[in-house]
Structure formats: C-alpha cells, structure tokens
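In listed order, ligands and their atoms are each counted from 1. Along the sequence shown, residues carry numbers from 1.
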Amino acid sequence: MSAVRGGFSSRLGFILAAAGSAVGLGNIWGFPTQTASNGGAAFVLVYLVLAFCLAYPAFMAELLIGRYGQANAVTSMEKMSRNLWQKRFAFIVGFGGIICAALILSFYGILAGWMMSYAIEPVTSLLGYSEASSWLTSQSITRNLIFTALFMMLTISIIRRGVEDGIEKWSKRLMPMLIGLLILLIIYVFTLEGSREGFVAYLNPDISRIFEPDLLISALGQAFFSLSLGTSVMVIYGSYISKKENLVTLGAQVTLIDVSIAFLAGLLIIPSMYVAQSQGVAIFSDEGALISGPNLVFDVLPSLFDGMGAIGLFVGFGFFVLMSIAALTSSISMLEGPVSFVVERHNIERKRATTFIGFGIFVTSALIVLNFDALFGLVISISTVYGQPLIAMLCCVFVGWIWQRSGILAEIKLGNDTVEHSLFWKIWPWYTKFICPSAIAIVFYHSL
Ligand code: TRP
C-alpha cells in the first residue's frame with residue numbers, strides 16, 4: 001500500500017526544490033552557449049521576455065493541475081476530465097510527460113556522469129595519479145558506464161527517502177552551495193585578464209537580431225527546457241504544495257530564480273572564454289562563432305583551468321562540482337515523475353519503485369552509451385525538441401479548454417483570495433487558452 005502522501009514542509013522547501021529542478025545543465029551550460037551563438041545580450045533580452053510571458057504561464061498551468069489533483073500527473077488530469085475521451089486525453093498527456101522525464105534522465109545521467117568524472121580529475125592530478133587523470137577525462141565506454149551508474153545511484157538514494165527527507169532536504173543543502181560556488185567563481189574570473197572583453201560581449205546586445213526566427217525559437221525552447229515543462233515534474237511538485245500557499249507568487253519566484261541563475265552562469269562562462277582566449281586558447285570555431293556544446297565545457301574551459309597553474313585545479317574542481325550539483329537537483333525531479341506514478345497507481349512501495357525505475361533508466365542510459373552515435377542525439381531530440389513542447393502545449397490546452405473556469409478559479413484562490421481582481425486573473429486564463437498553445441505550436445512547427 002502507498003503510505004500517506006508526502007509533501008513539502010515549507011514554502012522555502014518548495015521554492016528550492018522547484019528551482020533545483022529548473023536550474024540544471026540547461027542553465028549553466030545551455031543558456032550561456034545559446035547566448036554566445038545567438039547575438040549575446042539580444043538573446044538574453046528575448047529569453048527574459050519569453051520566460052516570463054510564455055514559460056511562466058505554462059508553468060502555472062502545470063503547478064495548478066498538480067495542486068488541484070493532489071496526485072501524479074495522470075491521476076491529477078483524470079480528475080479534471082468529465083468524460084471518457086477527456087480521460088483518455090489526460091492519460092496520454094500525463095503518461096507522455098512521465099515517459100519524457102524518464103528519457104531526459106537517461107541522457108542527462110550520462111552528461112552528469114561526465115561532470116562528476118571531470119570533478120574528480122583535479123583530485124587525482126593533485127595526488128599525482130596522471131594515468132587516472134587521463135582515464136577520467138577521455139571518452140570510454142567503461143568510464144561512461146561507471147559514472148552514469150554512480151550518478152544514478154546518488155539520484156536513487158535521494159528519491160528513495162521521499163519528498164520531505166529526500167527532495168526537500170537535499171535541495172535545501174545543495175541549492176545554497178550551488179549559488180555560493182557560482183558567485184565565487186564569477187568573482188574569481190573577473191580578476192583575470194581578458195574577462196572584461198567577455199563581459200562586454202555578453203552584455204552588449206545586437207538589437208538587429210531580436211526578431212530573427214531562429215533566435216526566438218532557440219530562446220523559447222531554452223525557456224521550456226529550463227523550467228522543466230512538459231515532463232510531469234512540475235505537476236507532481238505542484239501536488240506537494242500546501243493549499244495555503246499562493247501559487248501565483250511561488251511560480252513567479254521560481255521563474256525568477258531560474259532566470260537569474262542562467263544569467264549569472266552567462267557571467268561566468270562567457271568572460272571565462274575570453275580569459276581562455278587571452279591565454280592562447282581558440283574560442284571561435286572556423287565559421288567565426290563562439291565554440292559551444294561539449295567542446296566548450298570539456299576542451300575550452302579545462303584548457304583555461306590548466307593555464308592557471310596550481311589554482312586552476314581548485315577552480316576546475318569548483319566548476320565541475322557546481323555542474324554536478326546542478327545536474328543532481330534536476331535529476332531527482334526527473335525520477336520523481338515516474339516514481340510517483342508507479343507508487344500511486346500501482347500501490348508499490350516507494351523504495352522498491354525507486355530502485356526498480358532508477359535501474360530501468362540506467363539500463364536505457366547504458367544502451368545509449370553502447371550505441372552512442374546512433375542514440376544520444378536521437379533521445380535528446382525526441383524528449384526535448386519534440387516531447388517537451390508538445391506535452392507542455394497539451395497541458396495548456398487541458399487547463400484552457402477542458403478544466404472549467406470556475407474550477408480553476410476555486411483552486412487558484414486557495415492561498416490567494418484576492419486573485420479574482422488581479423491582473424494575473426484578467427490575463428492568464430485567456431493566455432493559457434489561446435496564446436500559449438499557439439505560440440508553442442508555431443515554435444514546434446519551425447523546429448521540425
Ligand atoms: N531544467 C533542467 C535544466 O535546466 C533540465 C530539465 C529539462 C528537466 N526537463 C526536465 C529537469 C524535467 C527536470 C525535469 O537543466
């Protein structure tokens with residue numbers, strides 16, 4: 001039997017857990033590199049607008065579904081459905097999100113494993129184990145399998161403990177560490193030669209690019225990925241929030257933290273690249289664009305750390321620990337989506353369900369590692385390019401077209417009795433019904 005449902009014990013607990021899910025490799029790696037390849041501050045500006053105008057309303061829809069349903073994504077949406085067709089639709093959307101979360105975790109675990117192995121490398125270097133160091137930083141099937149397994153074990157061990165003791169407690173420990181490390185690294189990089197140039201490149205907008213379709217599409221995709229939308233995760237986190245809380249402000253706070261950390265990460269990565277350049281590292285590709293993707297994190301930045309001498313070991317260690325923490329607070333939320341579904345729908349005990357599903361996802365990761373060229377990019381596109389936007393759009397359709405307006409108002413009023421007269425309530429229902437689904441559909445269409 002499933003025990004009494006867990007929940008967040010405090011407002012701060014929810015904020016840090018949801019921000020933990022949102023802030024991940026997408027913020028610290030994806031956002032800065034997208035910024036670099038899309039006209040610097042022009043991208044930042046568009047991203048800010050889209051995050052608040054499109055991603056935040058969709059995020060609110062997911063949180064509300066969960067808090068209303070007080071259950072996993074499928075059950076919550078089924079509770080709103082009034083006939084068999086709607087129930088089927090609810091199942092498809094909810095279950096689709098759960099599968100999407102599991103798929104994302106299967107590739108995210110591999111990336112996170114790389115971050116962990118790069119975090120250990122400075123330690124082996126310091127101890128003089130040069131063979132171990134080169135093993136840790138070169139691609140191999142064994143290394144990838146071992147570190148993905150280690151990372152999955154960490155994720156499983158947190159989720160086995162449940163919401164309050166696992167997710168909430170660890171988010172409260174890890175998120176402040178992440179923010180502290182990020183700020184320390186930024187301050188340090190700013191003392192180095194070349195960082196000013198990077199700062200200017202980051203913050204100087206090329207306004208002419210603001211309306212470029214590619215830039216808009218990348219910015220919206222990034223905003224959806226970053227808020228973990230369309231993966232059932234925010235629905236389940238919403239279901240753990242007390243009915244006394246004001247969801248409108250909680251959602252806005254989480255969005256603000258997510259966006260701010262992405263912005264701060266840009267302040268770290270772009271100036272670091274220019275520091276690397278002043279040390280002779282190539283930071284532009286042959287086509288003249290700033291290097292992004294894996295080369296940035298695993299070549300450019302490590303060459304920068306190497307060039308710093310002994311202190312570079314500590315900076316490199318700090319940087320990859322930061323990446324690993326960001327990945328961990330996101331991966332626990334990805335695992336919670338499928339686990340909550342199995343626990344609640346099939347009455348399986350949480351610890352068993354977690355181990356079982358976590359292992360299943362690890363097997364998927366192992367298949368990806370063994371067929372890397374064929375599967376890695378494919379799983380990423382299925383889950384993030386197609387799955388996430390499509391399911392996020394369907395969640396908006398669900399709230400906008402299937403859930404009755406009076407029902408939405410009743411739910412949103414809990415913890416926020418004056419909401420009926422607020423600007424939010426004047427705009428948001430209409431927005432979720434028409435604007436969000438159409439905007440997502442347009443972006444989706446363009447990305448095909
Ligand atoms: N938001 C995470 C990041 O920025 C990644 C992510 C995408 C995610 N989808 C998710 C996290 C689903 C948890 C659940 O890196």
Side-chain angles (χ1 to χ4, degrees), residues 16-35 47 51 55-56 58-59 62-63 66 72-73 94 96-112 114-115 151-152 155 158-159 167 170-171 174-175 178 182 218-240 251 254-255 257-266 269 293 297 322-341 357-358 361 379-392 395:
L16 291 182
S21 167
V23 173
L25 301 178
N27 297 58
I28 304 183
W29 178 0
F31 178 79
T33 55
Q34 296 254 26
T35 304
Y47 178 78
Y56 168 67
F59 176 39
E62 296 194 12
L63 285 182
N72 63 82
I98 288 167
I99 296 292
C100 198
L103 279 181
I104 294 180
L105 183 51
S106 72
F107 78 79
Y108 210 81
I110 302 174
L111 291 174
W114 295 349
M115 301 300 165
F151 182 78
M152 280 306 293
T155 307
I158 296 180
I159 289 301
I167 301 176
W170 280 92
S171 302
L174 295 173
M175 286 305 284
L178 178 137
L182 185 59
S218 313
L220 192 63
Q222 176 65 29
F224 272 73
F225 182 75
S226 192
L227 276 174
S228 314
L229 299 179
T231 58
S232 78
V233 163
M234 290 305 178
V235 176
I236 190 71
Y237 275 22
S239 79
Y240 297 142
V254 172
T255 310
I257 297 180
D258 182 45
V259 167
S260 314
I261 294 190
F263 181 75
L264 283 179
I269 305 282
V297 174
L322 170 77
M323 290 293 231
S324 308
I325 294 176
L328 186 59
T329 54
S330 294
S331 68
I332 55 179
S333 73
M334 295 175 206
L335 186 56
E336 180 64 16
V339 166
S340 61
F341 174 78
I357 296 173
I361 295 175
V379 174
I380 295 184
S381 354
I382 293 179
S383 55
T384 66
V385 181
Y386 304 108
Q388 274 194 289
L390 201 65
I391 291 163
C395 283

With a 4.0 Å cut-off on heavy atoms, does A101 reach ligand 1?
no

Any N or O of V233 that comes nearer than 3.5 Å to an N or O of ligand 1?
no

So is S21 polar-close to ligand 1, meaning N/O to N/O under 3.5 Å?
yes

Which option out of S228, S226, G20 puts a heavy atom nearest to atom 11 (C) of ligand 1?
S228

Just go through T231, L229, D258 and tell me whose heavy atom is the nearest to atom 12 (C) of ligand 1.
T231

What pair of heavy atoms forms the shortest contact from [X] to [Y], and how long is it?
X    : Y    : result
Y237 : E336 : CE1-CG, 4.3 Å
L229 : F59  : CD2-CA, 3.6 Å
F224 : A392 : CE2-CB, 3.7 Å
G20  : T329 : O-OG1, 3.0 Å
A22  : N27  : O-OD1, 3.0 Å

Give the atom numbers and elements of ligand 1 that come within less than 4.0 Å of a heavy atom of [X].
X    : value
N27  : 4 (O)
I104 : 9 (N)
Q388 : 7 (C), 9 (N)
A22  : 1 (N), 2 (C), 3 (C), 4 (O)
M334 : 8 (C), 11 (C), 12 (C), 13 (C), 14 (C)

Min side-chain heavy-atom separation I158-L328 under 4.5 Å:
yes

Gap between atom CZ of F151 and atom CG of L105 - 0.5 Å precision
7.5 Å

Just need the protein heavy atom nearest to atom 6 (C) of ligand 1, so name the residue and atom and give the distance.
F225 O, 3.6 Å

Looking at L111, V297, L178, which hits side chain to side chain contact (heavy atoms under 4.5 Å, CB included) with M323?
V297

Heavy-atom contacts under 4.0 Å between S333 and ligand 1: side chain, backbone, both, or neither?
side chain

